[in-house]
Amino acid sequence: MQELKNIKGTHDILPTGIAKWQKIEKVLQKVFTAFCYKEIRTPVFENTALFARGVGEFSDIVSKEMYTFNDKGGESLTLRPELTAPVARSYIQHHFWQDAPVHKLWYLGPLFRQERPQAGRQRQFHQYGVEVIGSSLPEADAEVIALAYSIYRELGLKNFALHINSIGSTDTRKNYTDLLQKTLEAQRQDLCDTCKQRFDVNILRLFDCKNPGCAQIMKNHAPSILDHLSREDAEHFTRVRELLDAMMIPYEVNPALVRGLDYYTRTTFEIKGTALGAQDALCGGGRYDNLLRELDGPDTPAVGFAAGMERLILAMEAEGLFAEDEEGMDLYLAPMDSRALDTAMPLAQSLREAGYSVYVDLLGRSVKAMLREANRKKARHTAVIGEDEIKNRRLQLKSMFNNSVSTLPFEALADALINEK
RNA sequence: GUGGAUGUAGCUCAGUUGGCAGAGCGCUUGGUUGUGGCCCAAGUGGUCGUGGGUUCAAGUCCCAUCAUUCACCCCA
């Protein structure tokens, strides 16, 4: 008999750990609302073709990391490894552009990639992100970056750095990659094996290589894409920078920043957690002006980002941003036996309808045991219910903070709780 | 897919040259009738990851395997 356990690279988020998620989700809601973005939720699985066409057939994600399976009808389905393509698919399918020229969307949900797990990398993980579809203006890029940045600021995170770059529009990049290949031809035999392979397939990725030899070659010989942008691309990038400056958002221009997904154009950016381990990318995004068209949609420009929840939690833990404060409850009711529960449960019910959180012990334990638990659960008040209380319909409300006790009829309980809240 | 490290109680971990499986925390109960925290006491809890092997004897040594974890890779 096989032991039942979670799948490798997945995690239960236990009751003891859920507060971290809820804290972040609350801030996300707040910031997205402040920016007037609307939430969108798409299914966790899609036709495999969506990702093959959207993300790029030769990207690592599609070529070796997807959970793909055939359903009973023989259709090839895939658990979503990213969310930009599904959101784009939804935009196209529901003809969003007929409703308004620009849509500002946000999402949060689980994603699936079959990679080897390590710190900051799971097989099921969660990302939040935004997509602004319908604007080609640099102002949209700046707003998206400002939004991404605001979330970390609002959460109180300190150790992070924003890197931005422009990889140009399609023509610019074609000219640049030709130039790169020409310039680096002489160094080609000195590159590592993977870089040799990438030389023809996707030479931009050489910038990502952590091999010191390759990094040195790139540093000494590779021209910067920023020196080879078209006039329009350069103006676009300059405007993005001006706006970030005006919003007092600190950034670093990093001409070696290239993204691994095929759909990006012009602006790319990444936010790195500077206190994280090897998996330090907290947030990655950029402009993708060709994706909608490639998915048979209208020729609509777009810009967005995705950010990892689990990595954010790691970064926040490293900075001690999660307080230990457990929620507690307004009242812990301690019925002494099942007859007392007949009285306690309706009483609790009416208090809950009045807006109080009330915990009822269901085990009929000793008073000492119940009070001990009430203390542990950080109850603000306790009340024992036994024979006297049932007979007189009065109880002793005890404050767990100052030990004060007041004797009250049941009907006066709600008012007493509000006074001490 | 490739390397390194680690698997003992719910959690964090001890366990000597191979010789009765332990501690702290937690949880339960009690310390005079129905009142928490502190203290004291008792109790609960383990297929020592799994399967082989060596041995009178294996948590300890050997082999295999699985899992976890960190790094490569990739990315959020």
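Remember, it's a predicted structure, so these values are computed and weren't measured experimentally. Residue numbers start from 1 in every chain, and the chains themselves are labelled A, B, ... in the order their sequence lines are given, proteins ahead of strands.
The nucleotide whose nearest atom lies closest to any side-chain atom of A:Arg365 is, among B:rA71, B:rU29, B:rU68, B:rU29. Comparing B:rU29, B:rG30, B:rC73 against the side chain of A:Lys368 picks out B:rG30 as the nearest. Of the listed nucleotides (B:rG1, B:rG34, B:rU35), B:rG1 has the atom at the smallest distance from the side chain of A:Arg121. Nearest nucleotide to the A:His11 side chain, out of B:rA71, B:rU35, B:rU69: B:rU69. Looking at the side chain of A:Gln118, the nearest of the listed nucleotides B:rC70, B:rG34, B:rU2 is B:rC70. Proximity note for A:Arg311 (side chain, C-beta onward) versus B:rG34, B:rC75, B:rU68: the nearest is B:rC75. Of the listed nucleotides (B:rU35, B:rG34, B:rG30), B:rU35 has the atom at the smallest distance from the side chain of A:Leu371.
Base pairing annotation: B:rG1 forms a Watson-Crick or G-U wobble pair with B:rC72, both donor-acceptor distances under 3.5 Å. The partner of B:rC20 cannot be assigned: no Watson-Crick or G-U wobble pair with both contacts below 3.5 Å exists in any strand.
Across all strands, A:Ala374 comes closer than 4.0 Å to no nucleic acid atom at all (heavy-atom distances). Within 4.0 Å (heavy atoms only), A:Phe305 reaches no atom of the nucleic acid at all. At a threshold of 4.0 angstrom between heavy atoms, the contacts of A:Glu310 with the nucleic acid are absent. Residue A:Gly120 is classed as a base contact, given a heavy-atom separation below 4.0 Å to a base. In this structure, A:Thr382 reaches neither bases nor backbone, as no heavy-atom distance under 4.0 Å exists between it and the strands shown. Heavy atoms of A:Ala379 sit nowhere under 4.0 angstrom from any nucleic acid atom.
Comparing B:rA41 with B:rA57, their C1' atoms are spaced 37 Å from each other, to the whole Å. Of the P atoms belonging to B:rU44 and B:rG7, the separation is 28 Å, rounded to the nearest Å. Going from the P atom of B:rC20 to that of B:rG26 covers 30 Å, rounded to whole Å. Here, B:rA71 and B:rG30 have their P atoms 49 Å apart, quoted to the whole Å. Look at the C1' atom in both B:rC13 and B:rC56: the space between them is 32 Å, to the nearest Å. For B:rG46 and B:rU8, the C1' atoms lie 8 Å apart once the distance is rounded to whole Å. Of the C1' atoms belonging to B:rG4 and B:rG45, the separation is 34 Å, rounded to the nearest Å. Rounded to whole Å, the P atom of B:rG31 lies 13 Å from the corresponding atom of B:rG37.
Between A:Leu282 and A:Lys64, it is A:Lys64 whose nearest contact on RNA chain B lies nearer the 5' terminus. Each of A:Ala369 and A:Ala278 has a nearest nucleotide on RNA chain B; the 5'-most of these lies closest to A:Ala369.
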Apply side chain to side chain contact (heavy atoms under 4.5 Å, CB included) to A:Leu184 and A:His221, showing your working. CA-CA 7 Å; A:Leu184 293 178; A:His221 301 281; 3.8 Å; yes
The test is side chain to side chain contact (heavy atoms under 4.5 Å, CB included); show your working for A:Glu252 and A:Leu162 and say whether it passes. CA-CA 6 Å; A:Glu252 194 178 312; A:Leu162 168 63; over 6 Å; no
Could you walk me through whether A:Trp106 and A:Ile40 pass side chain to side chain contact (heavy atoms under 4.5 Å, CB included), step by step? CA-CA 6 Å; A:Trp106 71 270; A:Ile40 181 168; over 6 Å; no
Apply side chain to side chain contact (heavy atoms under 4.5 Å, CB included) to residues A:Asn47 and A:Thr78 and explain how you reach the verdict. CA-CA 6 Å; A:Asn47 281 307; A:Thr78 294; over 6 Å; no
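Here B:rG37 presents its P atom at 16 Å from NZ of A:Lys377, a figure rounded to the nearest Å. With rounding to whole Å, A:Lys8 atom NZ is found 12 Å from B:rG1 atom C1'. In this structure, A:Gln122 places its CD atom 17 Å from C1' of B:rA67, rounding to the nearest Å. Atom CG of A:Leu397 is separated from atom P of B:rU35 by 17 Å (rounded to the nearest Å). As rounded to whole Å, 13 Å separates atom P of B:rU35 from atom CG of A:Asp388. The CD atom of A:Glu389 sits 12 Å away from the P atom of B:rU35 (whole-angstrom rounding). As rounded to whole Å, 16 Å separates atom P of B:rG10 from atom CG of A:Asp12. Whole-Å rounding puts the A:Gln279 CD to B:rC72 C1' distance at 10 Å.
Phosphate proximity of B:rG34 to A:Ser366: absent, as no side-chain N or O sits under 4.0 Å from OP1 or OP2.
With hydrogens and angles left out, the side chain of A:Glu373 and the base of B:rC27 share no donor-acceptor pair within 3.5 Å. Between the side chain of A:Arg372 and the base of B:rU35, no donor-acceptor pair of N or O atoms lies under 3.5 Å. Judged by distance alone with a 3.5 Å cut-off, no donor-acceptor contact links the side chain of A:Gln114 to the base of B:rG1.
For an aromatic pair to be called close, the ring centres must be under 6.0 Å apart, and A:Tyr251 with A:Tyr149 fails this.
The side chain to side chain donor-acceptor pair (under 3.5 Å) test with A:Thr170 is passed by exactly one of A:Asn290, A:Thr265, A:Asp289: A:Asn290.
Looking at A:Leu229 and A:Ile225, their side chains come closer than 4.5 Å, going by heavy atoms from C-beta outward.
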